[in-house]
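Notes follow once the structure below has been shown.
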Amino acid sequence: MKKIVLASAALVLAMATGSVLAAGNSLHKGSMGLSIPVTGSDFVVEGKYLIDNNMAVLGGFGLAIHDADPNANRTDGTDVGLMGGVRKYFPMGEFAPFVGGRVDYRSTKGSTVSTFGIGAEAGAEYFLGKQFSVEGRAGFGYTSISNDAPLRDASTIGTTSFALSANFYF
């Protein structure tokens, strides 16, 4: 009898702990989120809106004003970034892998460099709470860089980005 009571208590405790830790996620139609980059030199803050359960449209804007830095090979200037895309989630509780596509445009005034990219992305979000997740993603696609300086234009096909970000849903 003690074994049955002990096993039952352990089972109830495990179920209660599991339901407390199972934060769920905010991936449902009508949810909105804000994604803040936490690694790399990315300065674009992204927003997302779920148009259907597990399908989101993405949009982003970034602005960075910087002084000249000879060590970083950078002149005075203003960086502006725009991003748009779409993403399909495959949620499994707190873990939500995704695939998607995005278009990026960045311009640096001062050195007059502009970058255009289009590509696919894959990654995952892990929900630490119902309205907070961490995300990792990698991108692959086409990037074109144009510069006013002669012979500095370039185009590449390959890995376009790796990023980690914190996501807030409301």
Side-chain angles (χ1 to χ4, degrees), residues 11-67 69 72 74 77-110 113-145 158-170:
L11 181 61
V12 168
L13 183 60
M15 288 173 48
T17 303
S19 66
V20 168
L21 293 177
N25 63 50
S26 290
L27 299 177
H28 53 82
K29 185 176 181 174
S31 291
M32 292 188 292
L34 190 63
S35 182
I36 312 292
V38 295
T39 61
S41 60
D42 197 3
F43 62 95
V44 175
V45 175
E46 297 177 11
K48 63 182 87 166
Y49 178 74
L50 274 88
I51 57 173
D52 196 10
N53 290 343
N54 310 324
M55 179 69 78
V57 291
L58 310 172
F61 176 76
L63 178 67
I65 300 169
H66 50 82
D67 295 328
D69 183 356
R74 185 175 67 198
T78 304
D79 296 344
V80 176
L82 299 171
M83 185 280 302
V86 65
R87 185 178 282 176
K88 171 69 176 161
Y89 287 94
F90 305 95
M92 298 177 278
E94 296 87 22
F95 184 68
F98 59 81
V99 294
R102 63 176 46 221
V103 175
D104 292 290
Y105 176 78
R106 295 169 192 244
S107 176
T108 301
K109 303 296 183 203
V113 175
S114 61
T115 305
F116 171 78
I118 185 167
E121 68 177 6
E125 285 188 49
Y126 184 76
F127 284 82
L128 300 171
K130 180 119 176 108
Q131 312 232 215
F132 177 72
S133 70
V134 291
E135 170 186 315
R137 67 176 168 82
F140 181 87
Y142 169 80
T143 304
S144 174
I145 301 171
T159 305
T160 57
S161 65
F162 293 102
L164 292 176
S165 60
N167 299 316
F168 303 92
Y169 287 87
F170 44 97

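We're numbering straight along the sequence, starting at 1.
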Flag, side chain of Asp104 to backbone of Ile118, donor-acceptor distance under 3.5 Å
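No.
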Say whether, by atom type as modelled, one donor and one acceptor occur between the side chain of Gln131 and the main chain of Tyr169 under 3.5 angstrom.
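Flag set: sc Gln131 to bb Tyr169 pair under 3.5 Å.
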Can you confirm whether [X] sits close enough to [Y] that some side-chain heavy atom of one is under 4.5 Å from a side-chain heavy atom of the other?
X      : Y      : value
Ile36  : Phe168 : yes
Phe95  : Asn25  : no
Val134 : Leu128 : yes
Met92  : Pro97  : yes

Decide ring-ring contact (aromatic ring centres under 6.0 Å, His included) for Phe132 and Phe127; before the verdict, give the C-alpha distance in whole Å, the side-chain angles of both, and the deciding distance to 0.1 Å.
CA-CA 6 Å; Phe132 177 72; Phe127 284 82; 9.0 Å; no
Quick one: which residue pairs count as a salt bridge (Lys or Arg N to Asp or Glu O under 4.0 Å) with a foot in residues 49-60, not counting sequence neighbours?
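Listed once each, the pairs would be none.
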From [X] [atom1] over to [Y] [atom2], what is the distance, rounded to the nearest 0.5 angstrom?
X     : Y      : atom1 : atom2 : answer
Lys48 : Ser35  : NZ    : OG    : 5.5 Å
Leu58 : Arg102 : CG    : CZ    : 6.0 Å
Leu63 : Thr78  : CG    : OG1   : 6.5 Å
Lys88 : Met55  : NZ    : CE    : 5.5 Å

Salt bridge present between Arg137 and Glu125 (N-O < 4.0 angstrom)
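Here Arg137 does not pair with Glu125 in a salt bridge, since their nearest N and O are not under 4.0 Å apart.
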With side-chain contact (heavy atoms from CB on, under 4.5 Å) as the test, pick out the partner of Arg106 among Val113, Leu82, Val44.
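Only match with Arg106 under side-chain contact (heavy atoms from CB on, under 4.5 Å): Val44.
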Among Val103, Thr143, Ile145, which residue meets the side-chain contact (heavy atoms from CB on, under 4.5 Å) test with Phe116?
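With Phe116 as partner, Val103, Thr143, Ile145 yield a single side-chain contact (heavy atoms from CB on, under 4.5 Å), made by Val103.
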Without placing hydrogens or testing angles, list every side-chain donor-acceptor pair under 3.5 Å for residues 26-33, not counting sequence neighbours.
{"unit_1": "Ser26", "atom_1": "OG", "unit_2": "Lys130", "atom_2": "O", "d": "2.5"}
{"unit_1": "His28", "atom_1": "ND1", "unit_2": "Ser31", "atom_2": "OG", "d": "3.3"}
{"unit_1": "His28", "atom_1": "NE2", "unit_2": "Ser31", "atom_2": "OG", "d": "3.3"}
{"unit_1": "Ser31", "atom_1": "OG", "unit_2": "Ser26", "atom_2": "O", "d": "2.7"}
{"unit_1": "Ser31", "atom_1": "OG", "unit_2": "His28", "atom_2": "O", "d": "3.1"}

Can you list the residues that meet the side-chain hydrogen bond (donor to acceptor under 3.5 Å, both in side chains) rule with Tyr105, with sequence neighbours excluded?
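With sequence neighbours excluded, Tyr105 shows a side-chain hydrogen bond (donor to acceptor under 3.5 Å, both in side chains) to no residue whatsoever.
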Check the orientation of Phe98 and Tyr89. Use parallel for under 30°, tilted for 30 to 60°, and perpendicular for over 60°.
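Rings of Phe98 and Tyr89: perpendicular, over 60°.
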